[in-house]
There are 2 protein chains.
Amino acid sequence: MQENVTEALPRPAEQGTLLDRVRSLVLGGEYPPGAPLSEVLLAEEFGVSRTPIREALKQLQHEGLVEIRPKVGTFVREPTRREIVELFQLKEGLEGLAAGLLARRGPVPELDVLERNVEDSVVAAAEQDAERYASLVHEFHWTIIRGSDNRKLVEHYDRLMNQLAYHRMVVRTAEHPGRIRTSTEEHRAVLDMIMAKDHFGAEAAMRNHVYASSRELLTDSATAHESSLL
Amino acid sequence: MQENVTEALPRPAEQGTLLDRVRSLVLGGEYPPGAPLSEVLLAEEFGVSRTPIREALKQLQHEGLVEIRPKVGTFVREPTRREIVELFQLKEGLEGLAAGLLARRGPVPELDVLERNVEDSVVAAAEQDAERYASLVHEFHWTIIRGSDNRKLVEHYDRLMNQLAYHRMVVRTAEHPGRIRTSTEEHRAVLDMIMAKDHFGAEAAMRNHVYASSRELLTDSATAHESSLL
DNA sequence: TCACGTTCTCTTGCATGCAACAGAACGTAC
DNA sequence: GTACGTTCTGTTGCATGCAAGAGAACGTGA
């Protein structure tokens with residue numbers, strides 16, 4: 001059952017460095033929070049020795065994804081509710097910053113991508129295609145982040161999202177039809193500001209949007225699986 | 001000569017984890033950018049084997065401080081000018097965010113620290129005590145960052161500053177009497193906004209301040225040692 | 001003098017072995 | 001039944017050995 005999940009996916013974990021593969025394993029949700037990640041087992045699973053596994057786990061520790069208890073073991077780390085709130089605050093700051101930076105740039109290809117994205121989102125929303133909508137939301141945010149033309153920002157955002165990616169909380173927005181409509185309008189508002197080169201307004205609109213969706217997710221999770229988050 | 005430098009300092013590198021010690025070594029400037037960091041030499045220097053050194057270097061690579069060329073060696077990494085600009089943009093965003101968050105919080109002890117800090121800064125500026133002034137600036141910024149009460153923000157900011165801490169560029173502000181006065185006034189403005197609980201104004205004031213000082217540093221370095229940064 | 005093939009050295013990458021420790025499991029005394 | 005001391009198993013931490021590769025150094029031919 002657990003294995004079937006990985007089998008069903010396009011196996012993104014099979015590609016890339018060992019670190020990426022181990023990270024995908026942790027983020028994949030196959031190991032629930034608190035589950036032990038034995039170095040020897042992982043070593044066997046990936047067909048390498050303990051040493052490179054150790055290096056990867058150490059890195060994941062610094063990324064906040066696992067916890068290494070000396071002489072005891074390595075465990076999948078569950079972020080506290082407080083941390084999630086903090087991460088969303090950061091997300092708001094970084095995405096706002098990115099939107100502002102993008103607005104300052106001239107006419108760049110990212111704008112076309114965003115325009116089509118918003119149009120497609122409207123369609124996906126009308127068709128109630130939750131999966132496609134979630135995918136478009138993902139693209140929208142990442143396009144703006146990358147559109148900032150600031151690689152360090154992208155790096156930090158990536159780190160942030162990895163920590164936030166737990167529990168596939170990301171796609172939950174798609175389940176609320178009411179929120180979808182609001183969310184689409186907010187995307188539209190952000191894009192308008194960017195195209196108007198109003199970097200101040202773009203940042204404000206983006207932050208407003210991120211804040212609204214994070215509030216949605218936080219209140220959601222609080223009621224849905226309060227025990228695991230609080 | 002090189003050894004004497006470490007001997008002369010209060011040896012902050014002697015404390016903390018191995019990672020911290022190696023990081024201090026790199027940031028200490030004893031190894032110029034591009035200098036090789038041999039695993040075996042470091043292992044001897046720290047009295048451990050290659051393995052823990054390797055782990056530390058790998059981590060420093062992810063922090064952007066060193067570059068590991070496979071099968072060739074590990075080298076102190078020199079950030080490009082573009083990266084420095086990107087980092088300053090991020091710095092502006094994070095410090096602005098922190099100032100805003102701090103302003104939202106009620107009357108917290110950080111406010112007293114900041115108040116005294118600004119007062120002391122005025123004195124230090126009047127007395128032309130550059131070292132003390134630089135120290136106070138450092139405290140001012142970190143107090144606001146920590147005052148955000150957002151540990152994830154602190155973590156990201158710490159990472160950021162490590163990358164920016166190269167070449168002790170940080171203290172250069174102290175060399176410009178004109179900039180000092182402006183800088184102090186900007187600190188005062190930020191503090192006023194925070195104490196007025198104007199989180200919007202606090203963020204704006206902070207960003208304005210960070211932007212101004214980063215412009216100062218960037219134009220400085222461009223003229224001073226253009227070759228090494230561009 | 002220059003171009004080119006070869007050796008040679010130094011580096012990292014990874015596998016493995018052993019020691020140290022945490023914590024569970026167990027037995028024992030009361 | 002309970003508290004406590006002991007063993008025992010599993011885990012990580014680190015040292016070491018060996019192999020593979022990159023690049024310098026060198027020699028050789030023209």
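First the proteins, then the strands, lettered A, B, ... as listed; each starts at 1.
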Exercise for review: May I ask you to evaluate whether B/Ser49 reaches the phosphate of D/dA15, defined as a side-chain N or O under 4.0 Å from OP1 or OP2?
Suggested key: yes

Exercise for review: Identify whether any heavy atom of B/Leu18 sits under 4.0 Å from a base atom; if not, whether one sits that close to sugar-phosphate; answer base, sugar-phosphate or nothing.
Suggested key: nothing

Point to revise | A/Arg159/A/Glu155 salt bridge by N-O under 4.0 Å criterion | key: no

Exercise for review: Could you state the atom-to-atom distance from CG of A/Leu37 to C1' of D/dG10 in whole Å?
Suggested key: 16 Å

Check your understanding: Have B/Glu63 and B/Gln59 got a donor and an acceptor in their side chains that come within less than 3.5 Å?
Key -> yes

Check your understanding: Across the strands shown, which category fits A/Ile53 at heavy-atom distances under 4.0 angstrom: base, sugar-phosphate, nothing?
Key -> nothing

Practice item. Rounded off to whole Å, could you give me the CD-to-P distance for the B/Glu39 and D/dG17 pair? Key: 16 Å

Check your understanding: With no angle test and no hydrogens, is the base of C/dG23 tied to the side chain of A/Arg69 by a donor-acceptor pair under 3.5 Å?
Key -> no

Review point. Please give, in whole Å, the distance from C/dT11 C1' to B/Leu57 CG?
Key: 13 Å

Practice item. Answer yes or no: does a side-chain N or O of B/Arg54 lie under 4.0 Å from OP1 or OP2 of C/dG13? Key: yes

Exercise for review: Considering only NZ, NE, NH1 and NH2 on the basic side and carboxylate oxygens on the acidic side, decide whether A/Glu110 and A/Arg146 come within less than 4.0 Å.
Suggested key: no

Review point. D/dT12 P sits how many Å from A/Gln61 CD, rounded?
Key: 12 Å

Revision key, fill the gap. Looking only at D/dA15, C/dT12, D/dT12, the nucleotide nearest the B/Pro52 side chain is D/dA15

**Study point:** Closest-nucleotide ordering on DNA chain C, the 5'-leading residue of A/Glu55 and B/Leu41
**Key:** B/Leu41

Check your understanding: How long is the line joining NZ of A/Lys71 and C1' of C/dA20, in whole Å?
Key -> 4 Å

Practice item. Round to the nearest Å and state the distance from A/Glu67 atom CD to C/dA22 atom C1'. Key: 14 Å

Check your understanding: Where the side chain of B/Arg50 is defined as all heavy atoms beyond and including C-beta, which of D/dG13, D/dA22, C/dT12 is the nearest nucleotide?
Key -> C/dT12

Review point. Roughly how far, to the nearest 0.5 Å, is CG of B/Leu25 from CD of B/Glu30?
Key: 5.0 Å

Practice item. Would you mind telling me which residue lines up with the more 5' stretch of DNA chain D, A/Thr51 or A/Val72, judged by nearest nucleotide? Key: A/Val72

Check your understanding: Are B/His62 and A/His62 near enough that their ring centres are under 6.0 Å apart?
Key -> no

